[in-house]
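Below is one structure, written out as structure tokens; comments come after it.
We count ligands from 1, going down the list as the structure has it; atoms in each ligand are counted the same way.
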Amino acid sequence: MVDTENVTGEGRLLVDGELRPAASGRTYPNVNPAREQVIGEVADAGPEDAEAAVAAARRAFDETDWAADRDLRRHCLTQLWEALDAERETLRPQIVAEAGAPVSLTYAIQQDGCIDDMRWDVECLDRVAWEEDLPVHEFFGIRSLRRVRREPLGVVAAITPWNFPFMLNLSKIVPALAAGNTVVLKAAPDTPWSATHIGRLAAERTDLPPGVLNVLTSADPAAVGEVLTGDPRVDMVSFTGSTAVGKRIMARAADTLKKVFLELGGKSANIVLDDADLPAVLGTGAMVCVHGGQGCAITTRCLLPRSRYDEGVDLLRRAFETWSYGDPTDPANLQGPLINARQRERVLGYIETGVREGAKLLVGGGVPAHLPVGYYVEPTLFVDVDPAATIAREEIFGPVLVVIPYDDEEDAIRIANDSRYGLSGAVHSADLERAYRVATRLRTGTVAVNGGQWFGPDAPFGGYKESGIGREHGIEGFMEYLQTKTIGLPAPVGS
Ligand code: NAD
């Protein structure tokens with residue numbers, strides 16, 4: 001168990017090296033979604049704070065050595081890693097309390113995993129070819145040496161969601177800073193501490209020059225972000241969140257032609273082929289409810305062959321009926337509450353639509369009677385779902401699995417790809433080569449074959465189609481935060 005009863009967190013912004021309240025003096029409450037209780041007040045930044053943060057980041061990029069001094073960057077980011085590493089047990093209850101994140105997840109991706117992985121991004125300082133010479137080349141009769149340099153983009157606005165807030169904050173600010181950019185991080189309204197804590201440690205425990213990292217929290221989901229995405233002093237927007245907001249950001253960034261890097265929603269398919277070991281694959285089928293299903297890459301569509309449909313549905317029904325969920329401080333629960341009342345209404349609305357459009361609701365579908373406090377939704381299993389139904393096409397972001405029958409392998413691939421999203425997927429078969437072949441035909445950025453996991457700091461992650469543009473993690477993810485300059489020099493004598 002982790003104690004979220006007496007948890008506190010940092011309530012101040014970080015602007016130009018200073019931890020301070022919002023210019024207006026306004027604050028807003030941070031709410032624990034498992035208890036529906038206010039756990040603290042945080043600064044409610046407005047457009048004037050966003051302006052100040054952008055000005056500071058611009059100045060730090062243009063007027064300090066940050067962009068040029070790789071040793072300084074390595075030094076400061078190592079300090080930040082050491083500070084976060086030392087504060088794991090302070091952070092853990094904060095993330096559980098404000099995100100409703102099951103504590104077990106904080107020992108992995110939600111906290112410890114991403115603190116560990118942060119070192120990989122810092123080590124990219126030694127992986128990138130910062131300067132490379134191409135062979136001597138003749139153009140217009142002039143023999144030249146061409147030197148290709150990697151340079152930071154400038155000011156990066158990082159905008160993040162609430163589902164894996166700490167991990168996504170680090171996934172953006174560490175590579176962006178290591179690459180030599182300066183950053184304005186805009187946290188999701190519901191999870192401010194996962195950003196402000198990083199801001200406090202950066203200010204108090206590192207030698208980061210003022211303005212290199214700025215952290216903003218705001219009750220209004222859009223007001224601060226709209227300033228960042230429209231400001232000509234911002235060179236890049238690195239965004240993780242919904243596809244709808246991603247489109248808005250891209251449109252807004254077009255005016256000043258900013259680079260946009262977008263990690264968006266998903267509706268991923270798990271294709272269970274007819275020769276798969278069904279009890280092994282579907283016995284853990286309720287894992288889609290981890291963290292209340294609030295994960296972009298969760299496989300929320302399960303595609304079962306008609307030849308083994310009843311057997312598969314029965315296994316899933318049992319998995320959903322015996323799934324343990326509730327209080328996120330209990331390590332036995334991998335599913336806690338949804339983030340807020342609005343999100344719960346949204347998910348319940350999708351469940352209603354599913355029933356109205358004719359899908360069969362087999363398990364769950366409502367608010368659990370034994371959890372009257374907290375924004376919980378029962379683990380919910382829909383079967384006999386038409387691939388054209390709303391619940392088969394839209395991202396629900398709740399603990400809801402839809403089961404869709406298919407005729408044969410080609411039909412399964414067609415249904416899986418018939419989506420505006422393309423983030424992830426899974427394939428299961430007794431024949432590894434067959435599963436791999438199917439995986440190569442999915443139009444998604446990642447695929448898990450027979451339970452193999454694709455995630456890691458060195459593995460590029462991102463979406464096809466409306467699931468995003470660009471890749472996070474891996475050397476490809478690091479390169480997103482760099483641009484390329486080619487310099488022509490006279491060819492060396494004798495070359
Ligand atoms: P959201 O799109 O509503 O908000 C994300 C962030 O954008 C928040 O900080 C929000 O305040 C900000 N924002 C909202 N309107 C804005 C605007 N007009 N301009 C600038 N910023 C604005 O997403 P959410 O509800 O917080 O998170 C859930 C979504 O995130 C899901 O769709 C999920 O799939 C997606 N997600 C994607 C990934 C990925 O890596 N692909 C990872 C996690 C979550």
Side-chain angles (χ1 to χ4, degrees), residues 28 33 44-45 47 50 98-101 109-110 114 157-172 184-192 194-195 215-231 234 237-253 255 258 260-268 290-300 338-340 342-347 350 394-398 419-424 444-446 454-455 459-473 477 480:
Y28 74 98
D44 186 6
E98 73 171 5
I109 181 174
Q110 192 69 267
C114 57
I159 302 177
T160 52
W162 42 261
N163 60 335
F164 287 87
F166 179 71
M167 176 262 201
L168 291 166
N169 290 340
L170 285 185
S171 296
K172 295 198 182 303
V184 179
L185 171 65
K186 208 291 286 173
D190 288 297
T191 49
S194 296
V215 177
L216 301 174
T217 55
S218 158
D220 183 320
V224 163
E226 291 271 319
V227 173
L228 301 179
T229 54
D231 194 309
V234 172
V237 183
S238 176
F239 171 75
T240 297
S242 62
T243 292
V245 174
K247 288 179 182 179
R248 165 75 188 152
I249 284 174
M250 194 167 173
R252 204 162 152 72
D255 247 3
K258 297 183 197 321
V260 289
F261 166 62
L262 306 172
E263 292 286 1
L264 308 176
K267 189 76 188 178
S268 304
V290 160
H291 193 18
Q294 301 168 115
C296 53
I298 293 176
T299 46
T300 51
L338 300 186
I339 191 68
N340 54 37
R342 198 177 59 257
Q343 183 66 12
R344 181 166 67 177
E345 285 314 305
R346 192 173 165 268
V347 170
Y350 272 118
E394 294 189 13
E395 184 182 48
I396 298 174
F397 231 55
S419 170
R420 69 184 175 115
Y421 295 113
L423 193 56
S424 192
T444 65
T446 53
W454 41 260
F455 189 85
F461 166 67
Y464 284 22
K465 300 190 269 183
E466 292 191 23
S467 286
I469 297 176
R471 293 292 175 269
E472 203 143 64
H473 306 304
E480 295 282 356

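In this structure, the separation between CG on Leu264 and CZ on Arg420 is 9.5 Å, given to the nearest 0.5 Å. To the nearest 0.5 Å, the span separating OG1 on Thr243 from CE on Met250 amounts to 12.0 Å.
Just one of Arg252, Arg248, Lys186 meets the side-chain hydrogen bond (donor to acceptor under 3.5 Å, both in side chains) condition when paired with Thr229; it is Arg252.
There is no side-chain donor-acceptor pair under 3.5 Å between Thr160 and Lys172. There is a side-chain donor-acceptor pair under 3.5 Å between Glu394 and Tyr350.
Protein neighbours of ligand 1 below 4.0 Å, counting non-hydrogen atoms: Ile159, Thr160, Pro161, Trp162, Asn163, Leu168, Lys186, Ala187, Ala188, Pro189, Pro221, Ala222, Gly225, Glu226, Phe239, Thr240, Gly241, Ser242, Val245, Arg248, Ile249, Glu263, Leu264, Gly265, Cys296, Glu395, Phe397, Leu423, Phe461.
Ring-plane geometry between His291 and Phe164 is classed as perpendicular, the angle between the planes exceeding 60 degrees on a 0 to 90 degree scale with a lower cut at 30.
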